[in-house]
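Basis for what follows: all heavy atoms, side chains included, without hydrogens, waters or symmetry-related copies. Proteins come first, then strands; the chains are lettered A, B, ... in the order of their sequence lines, and each starts at number 1. Keep in mind that this is a model prediction, so the values were computed, not measured.
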Amino acid sequence: AQSVTQPDIHITVSEGASLELRCNYSYGATPYLFWYVQSPGQGLQLLLKYFSGDTLVQGIKGFEAEFKRSQSSFNLRKPSVHWSDAAEYFCAVGLNTGNQFYFGTGTSLTVIP
Amino acid sequence: NAGVTQTPKFRILKIGQSMTLQCTQDMNHNYMYWYRQDPGMGLKLIYYSVGAGITDKGEVPNGYNVSRSTTEDFPLRLELAAPSQTSVYFCASRGAVGTDTQYFGPGTRLTVL
């Protein structure tokens, strides 16, 4: 069965520091990969997505993610975190053979001044 | 465009009551989805639809029903509410192309007492 793992339940970083959120997936082929952000009481907003091609993808709000096939990973990065980045982050996998999407359990980000 | 809208935003039900969560999208998307989000569990797919008149079960369909009579609307029905259905429910939609992005509604917070 397909699965998405986000090993870090909660991360705290200082404002201005760099950030990396981890995501690993289990799937036989290369899936479609997504990162979403959810602010408290809000729906999910797409940060970036990977379907094919360049393995380093740029997203909104200064985020980027790198697909590493050998590690089955799609880690999210940001060079300098802002206080407004505090939120819940979800990695998701879409199967190119079907219509369903699978989400990780999320990583909660706290930003301290 | 309003995107994906959900009503109500909040609801409290008693055990055994029924209700319908409404979802409407104005993007002419073929695909629509219902997810539930439990604390620490990420999003789980309840039902999805690939077009008007076509629905299919996701990971956690028990206790729910859906219908898709129009492209725009995808209501989720709870017939006999149970405490286990206390959750936040998100509706999402996407276009017909496999690489299209999912767009999420703001969510409905449901409590069953």
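- For chain B, no part of Glu88(A) is nearby; none of its heavy atoms comes within less than 4.5 Å.
- Interface remark: Leu44(A) contributes backbone and side-chain atoms alike to the contact with chain B (heavy atom separation under 4.5 Å).
- Heavy atoms closer than 4.5 Å to chain A are found nowhere in Tyr103(B), neither backbone nor side chain.
- Of the two parts of Leu45(B), only the side chain, counted from C-beta on, holds a non-hydrogen atom closer than 4.5 Å to a non-hydrogen atom of chain A.
- Aromatic ring centres of Phe90(A) and Tyr36(A): separated by at least 6.0 Å.
- Ring centers of Phe34(A) and Phe74(A): at least 6.0 Å apart, outside the cut-off.
- Only the side chain of Gln37(B) comes within contact range of chain A, judged by heavy atoms closer than 4.5 Å.
- Using modelled atom types and a 3.5 Å distance limit, the side chains of Asp73(B) and Thr24(B) yield a donor-acceptor pair.
- Defined by atom type and a distance below 3.5 Å, a donor-acceptor pair is missing between the side-chain atoms of Lys68(A) and Thr55(A).
- Remark: aromatic rings of Phe67(A) and Tyr50(A) are close, center separation under 6.0 Å.
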